[in-house]
Amino acid sequence: YPLHVARAHESKQRVHDALAARGLRPGPVHPIGQRGGINLNTACTMASGGLAITFEQSATADWTFDEALEVHYTAVGALLARGREQPFSPRQAVARGKAEA
């Protein structure tokens, strides 16, 4: 579980950095020790280490339609680029009993 928390946090930071580099006003990445709510995607990621994401956009946000699409395209691009560097789910490490980051 701690391994999955660390990997999810690293992915959040990568998406944040990609959005910031494109001037797309990313939200904050909270400290790794700060926990938010849990939902089905979070549970899947924490249980398996697999990539489970939901794209949401506030209907009241100050975004144009093109900006909203660019946010999603940038996030997907950042996650896929990470996937080229290392597997989305650390199955071998977990299978060998590694649970710590």
Side-chain angles (χ1 to χ4, degrees):
Y1 177 81
L3 174 64
H4 303 327
V5 171
R7 289 171 57 87
H9 186 75
E10 187 266 338
S11 292
K12 289 179 197 176
Q13 188 65 54
R14 281 182 175 252
V15 169
H16 174 278
D17 295 347
L19 293 172
R22 305 221 28 190
L24 293 171
R25 302 174 278 163
V29 175
H30 299 292
I32 196 166
Q34 181 178 343
R35 298 285 194 267
I38 189 162
N39 57 32
L40 185 57
N41 277 4
T42 305
C44 288
T45 297
M46 293 305 123
S48 70
L51 183 64
I53 52 178
T54 298
F55 293 101
E56 298 175 340
Q57 188 73 35
S58 171
T60 61
D62 185 24
W63 295 92
T64 67
F65 180 74
D66 289 340
E67 286 175 317
L69 285 179
E70 196 61 34
V71 165
H72 296 299
Y73 292 146
T74 301
V76 169
L79 292 169
L80 292 177
R82 179 188 175 277
R84 291 176 56 115
E85 296 168 8
Q86 60 178 281
F88 288 122
S89 178
R91 290 182 293 278
Q92 290 181 342
V94 172
R96 291 184 179 129
K98 181 176 179 184
E100 299 298 320

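Excluded from the calculations below are hydrogen atoms, water molecules and symmetry mates; all remaining heavy atoms, backbone and side chain alike, are included. Just so you know, residue 1 is the first one in the sequence shown, and it goes up from there.
Just one residue in the list Arg7, Arg14, Gln13 forms a side chain to side chain donor-acceptor pair (under 3.5 Å) with Glu10, and that residue is Arg14.
Taking all atoms of both residues into account, the shortest heavy-atom contact from Ala18 to Ala78 is CB-CB, 3.8 Å. Contact between Val15 and Ala75 at its shortest, heavy atoms only, is CG1-CB, 3.9 Å.
A distance of 10.5 Å separates CG of Leu69 from OG1 of Thr74, quoted to the nearest 0.5 Å. Distance check: His16 NE2 to Leu24 CG gives 11.5 Å after rounding to the nearest 0.5 Å.
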Do Arg25 and Leu19 pass the side chain to side chain contact (heavy atoms under 4.5 Å, CB included) test, and can you show the C-alpha distance, the side-chain angles, and the key distance before you say yes or no? CA-CA 7 Å; Arg25 302 174 278 163; Leu19 293 172; over 6 Å; no
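Follow the hydrophobic side-chain contacts under 4.5 Å out from Tyr73 and you reach Phe65 in the same cluster. Connection of Val71 to Val29 is not established within any shared hydrophobic cluster, with ILVMFWY side chains joined at heavy-atom distances below 4.5 Å, either directly or through further cluster members. Under a hydrophobic clustering in which Ile, Leu, Val, Met, Phe, Trp and Tyr are joined whenever their side-chain heavy atoms come within less than 4.5 Å, directly or via other members, Leu79 and Val76 fall into the same cluster.
For the pair His30/Pro28, a side-chain contact is recorded, criterion being any heavy-atom separation below 4.5 Å from C-beta on.
Ion pairing between a basic and an acidic side chain is recognised when a charged N comes within 4.0 Å of a carboxylate O; Arg22 and Glu67 show no such pairing.
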